[in-house]
Number of protein chains: 2
Amino acid sequence: MSTLTSPKGGSPAPFPMEIQRDSDQPVYTQLADILRQQILAGIFQPGQKLPSEAMLVDTYNVSPMTVRRAINLLAAQGIISTAHGRGTFVKEVQLSNAAFYLQDLKELFNSEGTTVVKLIEARFLPADERVSRKLQIKPGVRAIYIRRLLTVEDQPAFYHRGYLIYDPTRPVVESEFQVTDLKGLFRGSGNPLIKSGELSLEATVLNEEEAGILQVPLHTPGMVLEHTFYDFRDKPVSWGWFVCTNQHLRLYTRVGFEQTYGTRDERIR
Amino acid sequence: MSTLTSPKGGSPAPFPMEIQRDSDQPVYTQLADILRQQILAGIFQPGQKLPSEAMLVDTYNVSPMTVRRAINLLAAQGIISTAHGRGTFVKEVQLSNAAFYLQDLKELFNSEGTTVVKLIEARFLPADERVSRKLQIKPGVRAIYIRRLLTVEDQPAFYHRGYLIYDPTRPVVESEFQVTDLKGLFRGSGNPLIKSGELSLEATVLNEEEAGILQVPLHTPGMVLEHTFYDFRDKPVSWGWFVCTNQHLRLYTRVGFEQTYGTRDERIR
DNA sequence: GCCGTATACTTCCCTATGGTACTTTGTATC
DNA sequence: GATACAAAGTACCATAGGGAAGTATACGGC
């Protein structure tokens with residue numbers, strides 16, 4: 001019956017405030033959009049209670065299940081929170097639930113052609129105490145030590161060093177070192193499937209070697225991204241770290257209520 | 001009928017492989033757990049196709065809607081992906097969908113007593129070019145400049161500098177500077193509700209002032225967390241940045257298939 | 001005035017069913 | 001042999017309804 005936009009049509013972003021049954025967008029996302037929009041507009045403010053599900057069922061003439069899906073979607077997006085038996089409430093913005101995504105790296109590797117992985121060095125190396133601990137192999141057992149330089153448009157961007165598990169029962173294929181995709185970077189010999197991985201990110205100052213390879217001044221501030229990957233038997237397959245300057249890795253994110261979300265459930269974040 | 005664990009009961013973590021109707025855990029999370037467990041065990045490997053939804057309905061004797069919820073849950077967790085008309089598939093581990101959470105900061109602020117916010121300085125300051133741009137006010141307009149030190153167990157941890165919008169129509173209350181909680185940190189005078197914020201994180205090297213306040217050597221590597229917050233009219237209310245050493249801020253995360261997840265939908269991550 | 005109980009309201013779960021739209025595959029036609 | 005069409009299989013959507021369990025509120029008895 002009513003929309004937020006003026007009937008004259010002078011508004012820049014017309015937003016329907018009722019369910020459109022002939023739309024190709026699902027009803028539950030439409031409802032979620034409507035509620036989000038109302039929160040955005042300040043109609044429902046943080047801490048306040050939203051209409052009950054039964055109420056929403058009545059006002060929008062949809063089934064309870066559809067309302068639930070919309071509520072769940074918004075809850076998963078961190079916009080609202082539900083309390084069993086009490087009601088649904090608008091969440092307050094919290095700095096702590098901010099998250100930084102490594103999407104930059106993905107874009108880096110997806111841009112075909114511009115990003116090149118150059119192999120600097122690859123050789124067998126008996127595991128010292130540190131490597132044996134990280135890769136869970138006995139000290140002295142041979143591992144593959146590998147150094148790579150990732151360049152973006154011929155500019156050095158990431159310096160990667162790592163140790164890969166060497167499987168003596170399988171021959172090391174030349175192509176294993178010539179990987180240009182992300183997933184291949186972390187597999188040892190035998191190319192096991194990776195089940196999980198641990199990552200940590202901390203600040204650093206580039207030492208002489210790193211600064212030389214990345215062609216930046218000594219003591220340039222940078223980040224170290226350390227990684228350990230495990231196969232499906234939970235055995236480590238690789239351990240290593242990327243070094244880069246913040247010219248190529250600056251993490252960026254947003255918190256709070258966003259305007260644009262995907263229509264699909266998975267599009268959380 | 002059958003479980004993954006041996007009937008003798010020697011397994012350390014018995015995991016039921018069928019739906020238990022008398023359990024307090026919802027059916028759809030049980031089903032999701034079962035499927036995740038099978039993926040974890042390598043029964044369904046990355047790239048492979050999962051049984052169709054109709055098939056799961058038959059084998060587990062649950063309704064299609066319940067299967068859908070389980071599938072959606074796993075998809076939201078990034079474990080599987082669905083393709084309309086083709087099927088659902090186990091996803092490969094991708095480094096790019098790793099996310100670093102600022103949970104550390106949250107725990108920092110939740111630990112009452114141990115974390116103290118000390119006010120170093122607070123005064124009015126006419127906006128220069130940079131501040132006027134960030135806060136979207138005219139140059140020369142007075143803003144509140146504020147410097148704070150966050151200590152953890154009497155040790156300096158975070159050095160915060162920022163500019164807050166000053167609302168001349170409202171008096172500045174003394175208590176606004178004495179805030180010790182996170183949300184209060186970023187509000188200007190008039191305490192508007194915050195709708196959204198932008199954050200960025202990059203590496204730095206501590207300068208003389210920062211190193212002195214945080215009591216670390218000069219040129220210590222550190223992180224800068226810059227933030228801008230907006231109110232419900234999308235006007236900036238604050239802009240500032242935290243500086244800290246990686247002793248207090250080391251981001252850590254995991255990628256891939258995890259064992260433990262919360263039972264609730266919201267527990268994505 | 002205080003405590004236990006009943007009641008209403010709330011979120012949350014699951015079922016059963018029907019339908020839509022996309023994708024692959026098999027089949028008949030040309 | 002290639003193309004058009006039909007059919008099967010698939011993920012998705014929405015409905016209507018019944019029920020369980022938590023929470024606040026009103027009411028009675030003491």
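So that the names make sense, note that chain A is the first sequence line, chain B the second, and so on, each numbered from 1.
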Looking at B:Arg21, I'd like to know whether one of its side-chain N or O atoms comes within less than 4.0 Å of OP1 or OP2 on C:dT15.
yes
Please list, pair by pair, any protein nitrogen or oxygen found under 3.5 Å from a nitrogen or oxygen in nucleotides 6-8 of chain D.
none

To the nearest Å, give me how far apart CG (A:Leu31) and P (D:dA14) are.
10 Å
Could you pull out all residues at least two apart from B:Glu198 that satisfy salt bridge (Lys or Arg N to Asp or Glu O under 4.0 Å)?
A:Arg254
Under 4.0 Å, heavy atom to any atom of DNA chain C: which of residues 48-64 of chain B qualify?
B:Asn61, B:Val62, B:Ser63, B:Pro64
Sorted by chain and residue number, the side chain to side chain contact (heavy atoms under 4.5 Å, CB included) partners of A:Leu201 (sequence neighbours excluded) come out as A:Met223, A:Leu225, A:Leu249, A:Leu251, B:Phe100, B:Leu251
Across all chains, not counting sequence neighbours, the side-chain hydrogen bond (donor to acceptor under 3.5 Å, both in side chains) partners of B:Ser23 are none
Below 3.5 Å between N/O atoms, which protein atoms pair up with nucleotides 20-23 of chain D? Just atom names and distances, please.
residue	atom	partner	partner atom	Å
D:dA21	N3	A:His84	NE2	3.4
D:dG22	N2	A:Gly85	O	3.2

Mind checking salt bridge (Lys or Arg N to Asp or Glu O under 4.0 Å) for B:Arg21 and listing every partner two or more places apart, or none if nothing turns up?
none
Measure the distance from CZ on B:Phe89 to C1' on D:dG9 and round it to the nearest whole Å.
12 Å
Starting from P on C:dT10, measure out to CD1 on A:Ile80 and report it in whole angstrom.
15 Å
Using the test side chain to side chain contact (heavy atoms under 4.5 Å, CB included), find all partners of B:Ala70 that sit at least two apart in sequence or belong to another chain.
B:Leu31, B:Ala32
Could you state the CG-P distance from B:Asp24 to C:dC14, rounded to the nearest angstrom?
11 Å
In this structure, how many angstroms lie between the P atom of D:dC12 and the OH atom of A:Tyr28, rounded?
9 Å
What pairs with B:Arg170 under side chain to side chain contact (heavy atoms under 4.5 Å, CB included), at least two apart in sequence or on another chain?
B:Asp167
Can you tell me which residue pairs pass the side-chain hydrogen bond (donor to acceptor under 3.5 Å, both in side chains) test with a partner in residues 43-67 of chain A, sequence neighbours excluded?
A:Glu53-A:Arg68, A:Ser63-A:Thr66
Euclidean distance, atom CZ of residue A:Arg68 to atom P of D:dG17 [Å, nearest integer]:
19 Å
For residues 73-86 of chain A, which residue pairs qualify under salt bridge (Lys or Arg N to Asp or Glu O under 4.0 Å), counting only residues two or more places apart or in two chains?
none
Between D:dA14 atom P and A:Gln20 atom CD, what is the distance in whole Å?
13 Å
Using the side-chain hydrogen bond (donor to acceptor under 3.5 Å, both in side chains) criterion, which residues pair with A:Ser200? Sequence neighbours excluded.
B:Arg250
Could you check if a side-chain atom of B:Lys195 sits within less than 4.5 angstrom of a side-chain atom of A:Ile39, using non-hydrogen atoms only?
no
On DNA chain C, check which nucleotide each of A:Met65 and A:Thr88 is closest to and give me the residue with the more 5' one.
A:Thr88
So does B:Gly47 get a backbone contact from the side chain of B:Glu92, meaning a donor-acceptor N/O pair under 3.5 Å?
no
Does a side-chain N or O from B:Thr66 land closer than 4.0 Å to OP1 or OP2 of C:dT15, or not?
yes
